[in-house]
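Input: a single structure, listed below in structure tokens.
It should be emphasised that the depicted structure is a prediction, and the values quoted were computed from it without experimental measurement. So you know, we letter chains A, B, ... as the sequences are listed, proteins then strands, and number each from 1.
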Protein chains: 2
Amino acid sequence: MQSYTEENYLKTIYHLAEQTTNVQTNAIAEQMQTKPASVTDMIKKLADKGLVDYIKYQGVTLTEIGRNTAIDIVRKHRLWEVFLVDKLNFKWDEVHDVAEELEHIKSVELIERLDEFLGFPKADPHGDPIPDKNGRFAKTQFIKLIELKVGDSGTITGVSQHSSAFLKHLEKLGLTLGKQIQVSDVTDFDGSVEILLSNKQINISREVAKHILISSNGKN
Amino acid sequence: MQSYTEENYLKTIYHLAEQTTNVQTNAIAEQMQTKPASVTDMIKKLADKGLVDYIKYQGVTLTEIGRNTAIDIVRKHRLWEVFLVDKLNFKWDEVHDVAEELEHIKSVELIERLDEFLGFPKADPHGDPIPDKNGRFAKTQFIKLIELKVGDSGTITGVSQHSSAFLKHLEKLGLTLGKQIQVSDVTDFDGSVEILLSNKQINISREVAKHILISSNGKN
DNA sequence: AAAAATTTTTAGATTTACCTAAAAATAAAA
DNA sequence: TTTTATTTTTAGGTAAATCTAAAAATTTTT
């Protein structure tokens, strides 16, 4: 049984490990809004519990148990997000903080029934995949919008940034999940991208394009 | 802003205050499965925060702020219980522990939307009234089944004991909310009560009869 | 009203998750 | 390969919520 705080550490390590193999103390500290010294303390504790492998000065990796625990928290987080959007009519930019709390409710029964109630969704409101109760989920094949060439088209299926500001911005532009887009031009000057969205031409900054994930349906 | 623990103290004091005016340290300790010394510490803290009135050795009472906070937690607890039973098909004896956790999720928006989603229910699965968002709720007029005289009849509208064992027992006997009953006899020997439930004669112990709440529809 | 029993509080410790400041290890630059 | 910079850890301390054991206040009984 893990504490609220331990669960948050595991989740953070899990997410950081999606980008780098060995997760660094400082990276965890920054993500968790705490100090490196505190992270070292907690890492030792998690190592004692067999949830992470830890060699001094070398960063951490999750053990299998640690990873499973983290995936379970991610599953809960994403299911609650679906609940909030689908059933309680929250917007996709409003759900993160509440889900941060709900993900720590400990009841296997609750989550299984919630999953069923929601119709076993495969993705959360931001397009992130929801692990099934065995922790399995499809490794989704995304391409960042910024990587598309002029003429490429595809469907918006996710975002790699969950800040409210970013999501609200996308909403305003009409760039929501499921929308079809085609890249019509890339500006040399600032790298901004011109796209075609339901016959309208819109321009998005390089920064925005970096965080929109596309499931490509081929060139041209 | 209260901590998880502070909220639980306030809620416990609130419930104890429904029976006695001045809530005693020992009573709180027993209810919260902790030691009197710990209770004294916490009471001081709550008094400093203006949530309870406290005179040494004289027990505590909630201030208006304290009471409102407690009522808000009770509201959340009961709404979540309705959610669990109505939407996720939990049984009435399975919801208490999960609701104990869910009641601490801090989001006004969440609770208001949940309330709406559930259709603004007036009572939880055990018949306990749900305060509205302003903390108001009808003081329900209950009579304990044990207090009924032979010939009296009424509708089961609540229970004053929420243990899983008790609720399961009632379920098995068919004594669920909304059922009509009539007292047909009271045994001298052990005080057990014979009741008529949809034309069937059933016998319940004095102990059980004490915890069934009836909204009486008059004598005979 | 004194003695006994009960209830409540104080005093001093413990655990968890933090912190700051300084030391140690590692990585990068000159 | 030293020097410098960065990262990480250790050491020692704090605040929240708990504990045990002992002292103090209150209540009950004789």
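What separates CG of B:Asp41 from C1' of D:dA15 is a distance of 13 Å, to the nearest Å. Summarising the geometry, the separation between CD1 on A:Ile43 and P on C:dT16 is reported as 18 Å, rounded to the nearest angstrom. As a whole-Å value, the separation of A:Leu46 CG from C:dT16 P is 13 Å. In this structure, B:Ile55 places its CD1 atom 11 Å from P of C:dT9, rounding to the nearest Å. Whole-Å rounding puts the B:Asp48 CG to D:dA15 C1' distance at 14 Å.
Shown for residues 26-38 of chain A: residues whose heavy atoms fall under 4.0 angstrom of DNA chain D, namely A:Asn26, A:Pro36, A:Ala37.
In this structure, B:Lys56 reaches the C:dT10 phosphate: one of its side-chain N or O atoms is under 4.0 Å from OP1 or OP2. In this structure, A:Lys44 reaches the D:dT10 phosphate: one of its side-chain N or O atoms is under 4.0 Å from OP1 or OP2. Side-chain nitrogen and oxygen atoms of A:Tyr9 include none within less than 4.0 Å of the OP1 or OP2 phosphate oxygen of C:dT16. Note on B:Gln24: every side-chain N or O is 4.0 Å or more away from OP1 and OP2 of C:dT7. Distances shown here put every side-chain N or O of A:Ser3 at or beyond 4.0 Å from the OP1 or OP2 atom of C:dT16.
Counting only residues at least two apart or in different chains, salt bridge (charged side-chain N to carboxylate O under 4.0 Å, His left out) contacts with residues 86-95 of chain A comprise A:Asp93-A:Lys168. Residue pairs meeting the side-chain hydrogen bond (donor to acceptor under 3.5 Å, both in side chains) criterion with at least one member in residues 60-75 of chain B, sequence neighbours excluded, are B:Arg75-B:Asp115.
Remark: B:Glu171 engages B:Trp92 in a side-chain hydrogen bond (donor to acceptor under 3.5 Å, both in side chains) (not counting sequence neighbours). Residues satisfying the side-chain hydrogen bond (donor to acceptor under 3.5 Å, both in side chains) test with B:Glu147, not counting sequence neighbours, are none. Remark: A:Arg206 engages no residue in a salt bridge (Lys or Arg N to Asp or Glu O under 4.0 Å) (not counting sequence neighbours). Partners of A:Glu7 according to the side-chain hydrogen bond (donor to acceptor under 3.5 Å, both in side chains) rule, which considers only residues two or more places apart in sequence or in another chain, are A:His104, A:Lys106. Contacts of A:Lys133 classified as salt bridge (Lys or Arg N to Asp or Glu O under 4.0 Å), with partners at least two apart in sequence or in another chain: A:Glu112.
Using a 4.0 Å heavy-atom criterion, one finds that A:Tyr4 contacts no nucleic acid atom at all. If you check every strand for non-hydrogen atoms under 4.0 Å, B:Thr5 touches sugar and phosphate atoms only.
Distance from the side chain of B:Gln58 is smallest for D:dT26 among the nucleotides C:dT10, C:dT26, D:dT26.
When atom types are taken as modelled, the side chain of A:Asn134 and the backbone of A:Arg136 share no donor-acceptor pair closer than 3.5 angstrom.
Rounded to the nearest 0.5 Å, atoms OH (A:Tyr54) and CG (A:Leu62) are 15.0 Å apart.
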Taking only N/O atoms, report every protein-nucleotides 22-24 of chain D pair under 3.5 Å with atom names and distance.
none

